[in-house]
Amino acid sequence: MQRLKQVLRRFLLWIGAVALTIGICGCARGNPEAYGMPTDVERLFTTAEQLQTNATSTSDYNLPDGNYRWDFLSDDGSLNVSVDAPVTAPEEPLLLVRAVASGFTQSQITGIFRCLFDGQSATTIVGKNVQTKASVQEQLDQMKQVLRDEAYSDYGFTKEEYEEAIRRQEAAYADAPIASAGEQVSTDGTMMTIRDDSQGDYQALDARTDAGDTLVVRSAPENDRSQLPSACRFDRYNAPEYSMLSAVWMQEGDALPPYAQGKLTISYDQAKRVSDALLAAAETDVTLLAAYVVGDGQTGNTDGLAREAAHYAYRFVYERKVNNVPVATDAWTQDSGESEVPWQYEQINVHVDDEGIAQVRWIEPIAIQDEEMDTVSIVPFPQAREIFEKMIPIVYSPQTDSANPKIDQIRLSIGVSAIHLSLLRVENPSAASKSGLLVPAWVFYGDIVSQTIRSDGTAEPSYHRQGMHGAEGNRFAPGPTIVLAINAVDGSVIDTSQGY
């Protein structure tokens, strides 16, 4: 992160001599915070009021008639960028909106509960000592499966952190009672308030059907930074553990990959209707960002038990909509040992297979404050494109260097496949709570493929990674990660690994 800030500062010194006519007022043009530095959210409100000369409607955005195409190859061949992407923008006016981490509403959880458990009875346990050895062991089994699938980043963990969580769970197993002193009662999906002096009060639901399906919710409505992320997780009993290993990005109308044919018989349209119905029951306005075909195969990297996938499902990845405008998201994961992303972006994932909904993963829902905001003017696309073409080599070229003398070069190949004008959350890093703004942004989605070339001339297998500083590993697949995001109010670069 520090290196990125250094190259951005160098870029600011250089950019003064370049005619980037983005129509920014003089105070923003000379302010380094306007180009990738930590964002003062109050300044954005002031800037938005001053920027009245740029685009305010779709007709003013100067979108290209066809795809935007551009190619770049660094002199040493280590960075290759290829853009062939449609550019889309919403018809609705774009607003600058305040947002907070709110936890889940009872209405959302009730809707999900009724949709998933329709016609079934479910129970929960109230009282002390609800974690018996059997329940802790069940959680341990699930956690170890997640570790084998290398899916720990879905829950905001690095591998080392998840291994430590497993060790703590194993310690909890030793102390857990054989029988629970709690009382098992029926539940209609109502969350209970849990008093926690260390984490702060939160709401929780642990529901289980007679068939063994589980719905687990942890909701932190106070949105304090000290609290764990709010999360809603559903697992159908005995459902395969699907992961992104060898996942295939699906577009509507695409045929199933040959190896999944005959093993996944539900159609894309049927599966999407099932998934959409769940989010409709939660009374949450969403739009589909991406869909994948995923399997339950394992690499064997953790336990040596490699396995080809025997079952397949669709994984639907959603974006929330605010005022009918999508809110961009990216599943960013830190694996470099530096500080983790302070406030994870909202992520909504639903897995549907031939038996219905197999898994639901939903973290960090947001709530909107001050909905009646003024419309802001937008940097038109030609200027956003110019900023992109200047910034993409500056952001990514340093990442092709290596301090390891055994590595000659790291080659990055970036392909941009879609560009959306949408809202993107910018965090207020100085606030005690998880709060910030939904800012209009030009979001460049695509793939980032990394390959290490050793000094002896050998090359390691290439792999996909996520985001500007995101995780690297074979569990990631082609699909829309955020390659670069440009604040459409002031032209700054938003680093999604930091949230601002």
Side-chain angles (χ1 to χ4, degrees), residues 97-116 124 139 142-143 146 151-157 161-162 165 187 189-207 214-235 278-279 281-286 289 317-322 327-334 340-351 359-369 423-429 431-438 496 499:
V97 182
R98 296 183 188 270
V100 297
S102 63
F104 296 93
T105 67
Q106 183 58 61
S107 178
Q108 286 175 320
I109 298 305
T110 297
I112 291 172
F113 179 91
R114 291 175 177 173
C115 182
L116 293 172
T124 189
Q139 293 169 2
Q142 292 176 345
M143 293 174 72
V146 169
Y152 34 80
S153 59
D154 288 348
Y155 309 99
F157 290 92
E161 289 169 340
Y162 205 73
T187 178
T190 300
M191 294 185 288
M192 297 181 293
T193 298
I194 306 298
R195 306 297 180 188
D196 190 325
D197 293 336
S198 61
Q199 290 291 331
D201 295 352
Y202 62 91
Q203 293 180 299
L205 172 67
D206 292 87
T214 58
L215 177 63
V216 178
V217 181
R218 296 293 182 269
S219 180
E222 295 181 5
N223 72 78
D224 190 274
R225 288 181 182 276
S226 65
Q227 292 183 308
L228 295 173
S230 295
C232 173
R233 170 174 177 152
F234 167 77
D235 289 280
L278 176 71
L279 278 306
E283 300 176 353
T284 303
D285 193 11
V286 297
L289 172 63
V317 181
Y318 291 92
E319 296 174 311
R320 178 186 291 269
K321 290 199 294 184
V322 173
V327 179
T329 185
D330 201 16
W332 183 87
T333 307
Q334 174 64 268
E340 296 180 1
V341 60
W343 176 14
Q344 296 183 61
Y345 288 95
E346 183 172 17
Q347 299 170 33
I348 306 173
N349 299 281
V350 181
H351 291 76
Q359 299 170 8
V360 177
R361 304 289 185 267
W362 187 349
I363 67 168
E364 289 289 44
I366 60 172
I368 305 305
Q369 297 181 330
L423 295 172
L424 182 61
R425 196 204 71 220
V426 173
E427 183 180 4
N428 184 355
S433 62
K434 298 176 183 177
S435 62
L437 298 177
L438 300 183
T496 53

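Positions are given from 1 along the sequence.
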Discussion item. Taking Ser435's backbone N and O only, do any of them form a donor-acceptor pair with Arg98's side chain (distance below 3.5 Å, no angle check)?
Written reply: no
Worksheet item: Can you name the residues that form a side chain to side chain contact (heavy atoms under 4.5 Å, CB included) with Thr105, not counting sequence neighbours?
Response: Ser107, Gln108
Worksheet, complete the sentence: Value for CG (Asp285) from NZ (Lys321), rounded to nearest 0.5 Å, stands at 4.5 Å
Item to complete: Could you pull out all residues at least two apart from Cys232 that satisfy side chain to side chain contact (heavy atoms under 4.5 Å, CB included)?
Response: Phe104, Ile109, Ile112, Leu215, Val217, Trp362
Discussion item. Just to verify, what does Thr214 make a side chain to side chain contact (heavy atoms under 4.5 Å, CB included) with, not counting sequence neighbours?
Written reply: Arg208, Asp235
Worksheet, complete the sentence: Interatomic distance, OG@Ser230 vs CD1@Ile363, rounded to 0.5 Å, equals 9.5 Å
Item to complete: To the nearest 0.5 angstrom, please state how far the CG atom of Leu438 sits from the CD1 atom of Ile366.
Response: 4.5 Å
Response to the item:
The side-chain hydrogen bond (donor to acceptor under 3.5 Å, both in side chains) partners of Gln106 (sequence neighbours excluded) come to Thr110
Item to complete: State the CD-CG distance between Gln203 and Leu205, to the nearest 0.5 angstrom.
Response: 10.5 Å
Item to complete: Using the side-chain contact (heavy atoms from CB on, under 4.5 Å) rule, take Glu346 and Val327 through it: C-alpha gap first, then chi angles, then the decisive distance, then the call.
Response: CA-CA 9 Å; Glu346 183 172 17; Val327 179; over 6 Å; no
Worksheet item: What's the shortest heavy-atom distance between Pro365 and Arg320, and which atoms?
Response: CB-NH2, 3.9 Å
Worksheet item: Between Lys434 and Glu364, is the closest basic N to carboxylate O distance under 4.0 Å?
Response: yes
Fill in: Atom pair CD/CG of Glu319 and Leu289 - distance to nearest 0.5 Å
4.5 Å
Worksheet item: Are Thr187 and Phe113 close enough that some pair of their side-chain heavy atoms sits under 4.5 Å apart?
Response: yes
Worksheet item: Counting N and O atoms only, with roles assigned by atom type, does the side chain of Arg425 sit under 3.5 Å from a partner on the main chain of Val100, one being a donor and the other an acceptor?
Response: no
Fill in: Derivation of the side-chain contact (heavy atoms from CB on, under 4.5 Å) call for Leu278 and Val360
CA-CA 10 Å; Leu278 176 71; Val360 177; 3.6 Å; yes
Fill in: Atom pair CE/OG1 of Met191 and Thr124 - distance to nearest 0.5 Å
12.5 Å
Worksheet item: Do Arg218 and Asp206 meet the salt-bridge criterion of a basic N to acidic O distance under 4.0 Å?
Response: yes
Worksheet, complete the sentence: Across all chains, not counting sequence neighbours, the ring-ring contact (aromatic ring centres under 6.0 Å, His included) partners of Tyr318 are none
Discussion item. Which residues pass the ring-ring contact (aromatic ring centres under 6.0 Å, His included) test with Phe234, not counting sequence neighbours?
Written reply: none
Worksheet entry | Student check: side-chain heavy atoms of Asn428 and Leu437 closer than 4.5 Å | no
